[in-house]
Amino acid sequence: MVLPLFVCPGEGVKREIGSMPGNFQMSVDQLVRECEEVRGLGLGGVILFGLPETKDELASGAYAEDGIVQRALAAVKREVPGLLLITDVCNCEYTSHGHCGLVKGDDVDNDATLDWLARAAVSHARAGADIVAPSDMMDGRVGAIRTALDEVGFSGIPILSYAAKFASVFYGPFREAADSAPQFGDRRSYQMDPANAREAMREIELDLEEGADMIIVKPAMPYLDLIREARVRFDVPIAAYQVSGEFSMIVAAAERGWIDYDRAVMESLIGIRRAGADFVLTYFAKVAARLL
Ligand code: PBG
C-alpha cells in the first residue's frame, strides 16, 4: 500500500482536509514526521502531491528546482531514509486555471505540455524521487519523460504511469485537498470516458511501448473489471488508485453509523487486490496497516 500525501508551504502546518477526514495538507517538517510514521508501519511508500506558494499559467512551480515537492523530497530522503518516494507528475496543482497543461483557447495543448512534464520528472529525480508517476494523461508523455530522464543519467528511475485514468467524479474531494479544481471546463478532453474499456487497454499498451515500467488503473472500485483485464493482458506490475471519493464515501457512511468502518476498509482493499492489483494507492494505507 502506498499513501498519498499533500505537502504545502510554511512550517508547523498541518491542516485537515474537510472532505477527507484524517488527511492533511502538511508543511515539509510535518510531512517528515508523517513519513517516519509511514515507514514505521511498513507501508510500501508514499506518493507526494504539492501545493505551491503561487500558481501561474505556466505551472512554473511544478518543475522549479526549489519547488514544494522538490524541497519535500530532499528533506524526506535525508530524514527518513529507506522510505520509497513516488511523485505525482502533473500540472493541475500549479496552474492558475487548474488544468493539467498549457491552455490554448478552450483546450489544453498536449504537445507543448510534454516539456513541462519532462522537466518536472527530472527535477523530482534530482531531488530524490525513487519513482515518477505522470497523471496528466497527455499523449506521448511517458516517452518524453523517459527520454529526458535518460539524457541526464536517470535511466534507473522507473515510470509508474497513470495509464488508464478516467474523467471521474470520484476525484472531487482531492481537488479540495490539492486545490486543483479546473476554473473552467473539465478534464474530458484528456482523461478517459468511463464507458470506454477497450480504449483503456490501448492507453496501457501505448504507455508500455513508450517505456512505462508499471501502470495504474484509476479510480479503483468502479473499474475492477479493467484491473482484471489489465492483469490478464500485461505482465507488468499493476497498481490501482483507490481515489479520494472512494475514501470519503466510506468515511462518511461510517461516520453516520451506516457501515462498519474497519470491515468496509478491508473489504474494499481486498476486492481491489482480488481483481489483480499488485499494489494499491490508498488513503486507507495507515488504517489498513494497523488492522493487518
Ligand atoms: C492530478 C491528479 C488527480 C488525482 C491524482 N492526480 C486529480 C485529477 O485528475 O483531477 C486524483 C486523486 C484522488 O482523487 O484521490 N491530475
Side-chain angles (χ1 to χ4, degrees), residues 1-7 17-25 46-52 55 59 61-63 68-69 86-95 97-103 108 110 113-114 116-117 120-121 124 129 131-139 141-142 145 159-194 203 215-223 239-252 268-269 272 277 280-286:
M1 291 183 291
V2 171
L3 180 68
L5 293 174
F6 302 93
V7 60
I17 298 154
S19 54
M20 299 175 69
N23 291 270
F24 301 84
Q25 296 172 346
V46 296
I47 178 162
L48 298 181
F49 296 89
L51 292 102
K55 300 170 188 263
Y63 43 84
I68 183 72
V69 163
I86 306 174
T87 56
D88 184 85
V89 177
C90 195
N91 299 303
C92 59
E93 296 119 72
Y94 304 92
T95 50
H97 44 66
H99 276 287
C100 300
L102 176 72
V103 168
V108 169
N110 186 98
T113 303
L114 299 182
W116 298 359
L117 296 164
H124 291 172
I131 297 174
V132 292
S135 70
D136 51 281
M137 289 303 280
M138 299 302 132
D139 292 331
R141 95 290 186 150
V142 172
I145 289 172
I159 297 176
L160 167 62
S161 174
Y162 287 76
K165 175 172 172 177
F166 289 87
S168 173
V169 73
F170 294 104
Y171 306 152
F174 173 93
R175 292 179 185 170
E176 180 193 331
D179 186 26
S180 64
Q183 301 301 304
F184 61 89
D186 55 43
R187 303 206 201 294
R188 278 184 274 194
S189 72
Y190 41 102
Q191 298 182 351
M192 271 188 289
D193 180 340
E203 289 275 1
I215 60 102
I216 304 180
V217 176
K218 175 188 174 184
M221 287 163 70
Y223 299 88
Y241 197 146
Q242 185 181 42
V243 301
S244 56
E246 300 179 67
F247 166 84
S248 298
M249 286 193 299
I250 291 176
V251 172
S268 69
L269 289 167
I272 295 165
V280 187
L281 286 63
T282 173
Y283 302 95
F284 290 127
K286 287 199 315 184

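One-based numbering, in listed order, for ligands and for the atoms of each.
- Here the heavy atom of the protein found nearest to atom 14 (O) of ligand 1 is S244 OG, 2.7 Å.
- Any N or O atom pair closer than 3.5 Å counts here, and K165 shares at least one such pair with ligand 1.
- Contact analysis puts K218 in contact with ligand 1, with a non-hydrogen atom separation below 4.0 angstrom.
- Q242 contributes no side-chain N or O that, together with a main-chain N or O of A240, makes up a donor-acceptor pair within less than 3.5 Å.
- Residue E93 has no N or O atom closer than 3.5 Å to an N or O atom of ligand 1.
- Using modelled atom types, one finds no donor on one side chain facing an acceptor on the other under 3.5 Å when comparing S180 with E93.
- The pair D136-K165 does not meet the salt-bridge criterion, since no charged nitrogen lies less than 4.0 angstrom from a carboxylate oxygen.
- Aromatic ring orientation, H99 versus F184: tilted (interplanar angle from 30° to 60°).
- The closest approach between Q191 and ligand 1 falls below 4.0 Å for a heavy atom of the residue.
- At a heavy-atom cutoff of 4.0 Å, ligand 1 is contacted by the side chain of D88 but not by its backbone.
- For ligand 1 and Y241, the ligand atoms under 4.0 Å from any heavy atom of the residue are 12 (C), 15 (O).
- If you number the atoms of ligand 1 from 1 as listed, the ones under 4.0 Å from a heavy atom of S135 come out as 1 (C), 2 (C), 6 (N), 16 (N).
- For an aromatic pair to be called close, the ring centres must be under 6.0 Å apart, and F247 with F284 satisfies this.
- With 3.5 Å as the limit, one finds no donor-acceptor pair spanning the side chains of Y190 and D139.
- With hydrogens left out, the protein atom closest to atom 12 (C) of ligand 1 is F174 CD1, 3.3 Å, a heavy atom.
- Protein heavy atom in closest approach to atom 10 (O) of ligand 1: R175 NH2, 2.6 Å.
- Near C92, meaning under 4.0 Å from one of its heavy atoms, ligand 1 places the atoms 1 (C), 16 (N).
- Those atoms of ligand 1 with a heavy atom of C90 less than 4.0 angstrom away are 1 (C), 16 (N).
- Using a 4.0 Å cut-off to heavy atoms of Y283, the atoms of ligand 1 that qualify are 12 (C), 13 (C), 15 (O).
- Within the 3.5 Å criterion, the main-chain N or O of L117 finds no donor-acceptor partner in the side chain of R141.
- For ligand 1, the polar-atom distance check finds an N/O of R187 within less than 3.5 Å of one of the ligand's N/O atoms.
- If you look at F49 and F174, their ring centroids are closer than 6.0 Å.
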- Show your reasoning for whether side chain to side chain contact (heavy atoms under 4.5 Å, CB included) applies to T282 and L3. CA-CA 6 Å; T282 173; L3 180 68; over 6 Å; no

